[in-house]
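This structure is a prediction, so every number in the text was calculated from the model and none was measured. Note that these values count all heavy atoms, side chains included, but never hydrogens, waters or copies made by symmetry. Order of the sequence lines sets the chain letters (A, B, ...), proteins ahead of strands, with each chain counted from 1.
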Amino acid sequence: KAGVTQTPRYLIKTRGQQVTLSCSPISGHRSVSWYQQTPGQGLQFLFEYFSETQRNKGNFPGRFSGRQFSNSRSEMNVSTLELGDSALYLCASSYDRGQRDTQYFGPGTRLTVL
Amino acid sequence: QKEVEQNSGPLSVPEGAIASLNCTYSDRGSQSFFWYRQYSGKSPELIMFIYSNGDKEDGRFTAQLNKASQYVSLLIRDSQPSDSATYLCAADSGAGSYQLTFGKGTKLSVIP
């Protein structure tokens, strides 16, 4: 069974631009969570999607948004990029909500903001 | 603000020794605790989870939980160079919340 895939793997943007990242969960998995990882702050929860609805949101500004499609694929969008948005963005999928013991991470998208 | 604290390390142990990784959490409502291993340049991989006070063993790994002290630990027996990685501790927010709060990780180096 294929793992969680994320595209693109690397991205370079400039301040003020916007970016869209994509996550395809493991086949059959319906819950997708997004995380931001930086050396200074570590791994921080962004949001969780299940059945095309955002169920949980972390403490991030409104510039960070996302959505989930009927096939469980998810996208996250960051508008008006800032230098501090440079990070590794990880998504994780599980079959159902709360199944963190079978939650798998994708390889991540490395975003660099210049 | 809910926090999970870990010693950033690096923690160096000789091959074959026991590595002990520690974590404290601030939210008394947390019910579930997770240990992830992250190799450099890779994504986190779940290696252990624990819900009840006491010890849970899986191969060379033992997770320990003490809810009264708000303390979680991971012991790695017979440490191998391949165990060299950053270990992330995570806790949920309890009360049916599925959000995980992660510590910043402890970097472990196993010296051959």
Side-chain angles (χ1 to χ4, degrees), chain A residues 3-7 9-10 21 23-26 29-51 53-60 66 68 87-111, chain B residues 1-10 21 23-27 29-52 56 58 61 63 65 72 74 85-107:
Chain A
V4 179
T5 58
Q6 292 187 245
T7 56
R9 293 292 312 279
Y10 302 91
L21 313 180
C23 171
S24 292
I26 291 171
H29 282 196
R30 300 179 295 165
S31 174
V32 174
S33 296
W34 287 90
Y35 295 85
Q36 181 197 64
Q37 187 172 35
T38 60
Q41 298 300 317
L43 200 62
Q44 294 184 286
F45 173 78
L46 278 159
F47 23 65
E48 177 210 359
Y49 284 89
F50 181 80
S51 292
T53 302
Q54 187 180 93
R55 304 292 178 151
N56 246 329
K57 184 171 167 57
N59 189 26
F60 279 83
Q68 185 181 34
L88 179 67
Y89 290 87
L90 293 158
C91 81
S93 78
S94 60
Y95 176 73
D96 206 341
R97 299 195 70 204
Q99 291 186 324
R100 283 78 46 89
D101 53 353
T102 52
Q103 177 175 266
Y104 298 93
F105 280 87
T109 294
R110 173 77 61 183
L111 172 65
Chain B
Q1 184 172 344
K2 298 164 187 172
E3 292 183 339
V4 175
E5 301 283 347
Q6 294 181 256
N7 187 322
S8 63
L21 305 163
C23 167
T24 58
Y25 59 96
S26 64
D27 184 3
S30 294
Q31 298 292 319
S32 307
F33 305 88
F34 304 83
W35 283 99
Y36 286 82
R37 176 176 63 198
Q38 186 173 25
Y39 292 114
S40 180
K42 301 294 186 182
S43 56
E45 172 193 12
L46 181 65
I47 54 171
M48 288 287 286
F49 57 90
I50 187 166
Y51 304 142
S52 304
K56 178 181 178 183
D58 184 0
F61 298 98
L65 173 60
V72 192
L74 179 70
T86 296
Y87 289 79
L88 304 170
C89 173
D92 72 0
S93 299
S97 169
Y98 304 123
Q99 177 175 335
L100 291 182
T101 300
F102 282 82
K104 293 183 181 179
T106 297
K107 186 171 184 178

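B/F33 does not touch chain A: none of its heavy atoms, backbone or side chain, sits under 4.5 Å away. Heavy atoms closer than 4.5 Å to chain B are found in the side chain of A/Y35, but not in its backbone. For A/L43, the parts lying near chain B are the backbone and the side chain together; criterion is any non-hydrogen pair under 4.5 Å. With a 4.5 angstrom heavy-atom cutoff, B/T101 does not touch chain A via any of its atoms.
Atom NZ of B/K2 sits about 11.5 Å away from atom CG of A/N59, to the nearest 0.5 Å. Residue A/Q37 holds its CD atom at 8.5 Å from CZ of B/F102, rounded to the nearest 0.5 Å.
Scanning both residues, A/F45 and B/L100, for their nearest heavy atoms gives CB-O, 3.9 Å. Closest approach of B/Q99 to A/N56, counting heavy atoms only: N-ND2, 3.9 Å. Here the closest non-hydrogen pair linking A/G106 and B/S43 is O-CB, 2.9 Å.
Residue-environment remark: OH (A/Y95) stays at or below the threshold of 12 foreign heavy atoms within 6.0 Å. Atom CZ of B/F61 sits in a crowded spot, with more than 12 heavy atoms from other residues, nucleotides or ligands closer than 6.0 Å. Other residues, nucleotides and ligands contribute over 12 non-hydrogen atoms within 6.0 Å of the NZ atom of A/K57.
In terms of non-hydrogen atom pairs under 4.5 Å with chain A, the most contact-rich of B/E45, B/Q38, B/K42 is B/Q38.
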